[in-house]
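Data block below; observations after.
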Amino acid sequence: MSQHENPQTRLTKGAHVLYRSSDKLRKPLPAVIKFNFLYNLISVEFEERANGELQVVLEKVTRQKSRDYSEGAALVWALVLTAESIQHSFSFESQDVRDLWDDEISTTRRGLSFGRKEGKETPGALRSVLKVDILDPFTTVDKTGTKPEGIAVWLKLELSPGSSNHRPDQKDHSEDKSPPKGQRGKENENELELMIGEDTPPDGVKRHIVNFTSTYNLLPSEGTSLYRLVKALRQRQQVLHDTQKLISEVQQQHLLLKDPRLAAEHPEVAPQMIKEIENKARESLAALSASLPERLGDAGPGAQFIRMVLDRNMEKLKVINHVIAQIKAGARQDPQPRPGTIPRYSPREGGRSPRMSPRRSPRDGQPGSRKSSPREVPV
């Protein structure tokens, strides 16, 4: 950490400490503490994720003390904060860093104390999201038994215990007024609902999440996670809608659908015209294939897999159209017998079909043949 940075910037970036707590007798845990000037609290992020995250609200700190002591051969510069009958001890790497935190915490606590005397409100402890349920906006009904319309994303959140900044007379939706009731929730409740409208633009979605996080006193990291989840759900819906539209467009390039006359057994279409229809279908399929990256995007492996399947189906349709064009163009010409087939004669020669003529063996009439002489009939 640079000593020439702004003190507030240094406190916001955080400092490495060893954390101890009086409520749990365990060895010191390495962590990073960060000062949140917006909510006047200290967040403790442990290096081991299994230990979770801790917050110390400065408004609830009743005692603050700095201590210098030796632990073995090393000196320890510690800062102890007592909040809600729990002692939080932070051991810093240097005395300068510890003094910086000590001074800022003292200044903030004095400001909070002055604000309480003046009757000003201060935010409470930030809350975290314990559980998220993704509801289907097309089939789910609300508490009144009605199905809301125009909803693209519907989330049901379970929050950790705490209070919010929401007032009963405060509107739940954001400034853009779209969708109606875009944010829903009640004060002092741990279960909230978050709704995003179908016509809400991307910047409107971001405003929804920011307002929701601020209104219900959520952690900033929870707001980031909610925004990413909503964005992923919106992208999934968009990919589904575009995929159905692309499938319909690909099917329309089938040769029999582009010109219904080709569906007849002997189409009244010139071979040159059939070739032109096939070329137009091939060009349309090539244009659709080139537009897939822009229309589907690269939002996750699902979109990439759909692109691969559609590309393969379009290549198969090109081959199918080519075979159909050859067959239909050949039906316009005189049929040519294939090798090994019996030719058909039309019209019959001499009023009698060659098929009706008696069959003769190539050996008939040859010397030494069994049929060289007529068979004697006994009298």
Side-chain angles (χ1 to χ4, degrees), residues 1-3 5-109 112 122-132 157-163 190 213 217-226 228:
M1 183 181 296
S2 175
Q3 300 294 330
E5 289 181 333
N6 185 9
Q8 185 172 351
T9 303
R10 296 172 58 189
L11 294 170
T12 304
K13 287 184 177 180
H16 292 273
V17 298
L18 291 177
Y19 173 80
R20 293 182 177 90
S21 176
S22 62
D23 64 335
K24 294 182 180 179
L25 298 177
R26 56 186 177 183
K27 64 179 182 179
L29 298 177
V32 176
I33 61 173
K34 296 180 181 180
F35 202 111
N36 191 320
F37 289 91
L38 178 61
Y39 294 99
N40 296 321
L41 59 85
I42 297 174
S43 62
V44 184
E45 301 176 0
F46 297 99
E47 294 184 1
E48 297 181 3
R49 300 195 175 202
N51 295 319
E53 185 176 342
L54 177 69
Q55 299 168 7
V56 180
V57 181
L58 298 183
E59 186 182 12
K60 298 182 179 181
V61 174
T62 57
R63 187 179 180 184
Q64 175 182 350
K65 184 178 181 180
S66 58
R67 296 176 53 192
D68 301 335
Y69 60 93
S70 60
E71 196 173 77
L75 288 176
V76 177
W77 295 276
L79 178 62
V80 181
L81 302 178
T82 304
E84 297 179 327
S85 303
I86 299 176
Q87 289 186 351
H88 305 275
S89 176
F90 306 96
S91 300
F92 292 83
E93 296 177 346
S94 65
Q95 183 178 2
D96 294 338
V97 178
R98 192 275 313 274
D99 293 342
L100 174 64
W101 280 82
D102 189 16
D103 294 341
E104 187 62 37
I105 292 175
S106 299
T107 303
T108 304
R109 289 183 61 208
L112 293 174
T122 55
L126 297 182
R127 309 167 72 183
S128 59
V129 179
L130 303 179
K131 183 181 179 181
V132 178
L157 311 177
E158 181 180 348
L159 307 182
S160 60
S163 60
N190 297 333
T213 304
N217 231 13
L218 301 182
L219 283 167
S221 58
E222 298 291 2
T224 304
S225 300
L226 286 175
R228 291 175 179 174

Non-neighbouring partners of Glu45 that pass salt bridge (Lys or Arg N to Asp or Glu O under 4.0 Å), sequence neighbours left out: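 In terms of salt bridge (Lys or Arg N to Asp or Glu O under 4.0 Å), with neighbours along the sequence ignored, Glu45 is linked to Lys34.
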- prompt: With Glu93, which residues qualify under salt bridge (Lys or Arg N to Asp or Glu O under 4.0 Å), at least two apart?
  reply: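 With sequence neighbours excluded, Glu93 shows a salt bridge (Lys or Arg N to Asp or Glu O under 4.0 Å) to no residue whatsoever.
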Are [X] and [Y] side-chain neighbours, meaning at least one heavy-atom pair lies under 4.5 Å?
X	Y	result
Val56	Val61	yes
Ile33	Ser43	no
Tyr19	Leu54	yes
Leu226	Leu218	yes
Leu81	Phe90	yes
Leu58	Ile42	yes
Ser91	Val17	no
Phe35	Ile105	yes

Return the set of residues passing side chain to side chain contact (heavy atoms under 4.5 Å, CB included) with [X] (not counting sequence neighbours), or none when no residue passes.
X	result
Ile86	Ser21, Ser22, Asp23, His88
Thr12	Gln8, Phe37
Ser106	Gln64, Asp102, Arg110
Val80	Arg67, Gln87, Ser89

For Trp101 against Ala15, the heavy-atom pair lying closest together: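 Scanning both residues completely, I find the closest heavy atoms to be NE1-CB, 3.7 Å.
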Shortest non-hydrogen separation from Ser66 to Arg98 and the atoms involved: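 Ser66 and Arg98 have their closest heavy atoms at CB-NH1, 3.8 Å.
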field: Pairing residues for Gln95 by the side chain to side chain donor-acceptor pair (under 3.5 Å) criterion, not counting sequence neighbours
entry: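 With sequence neighbours excluded, Gln95 shows a side chain to side chain donor-acceptor pair (under 3.5 Å) to no residue whatsoever.
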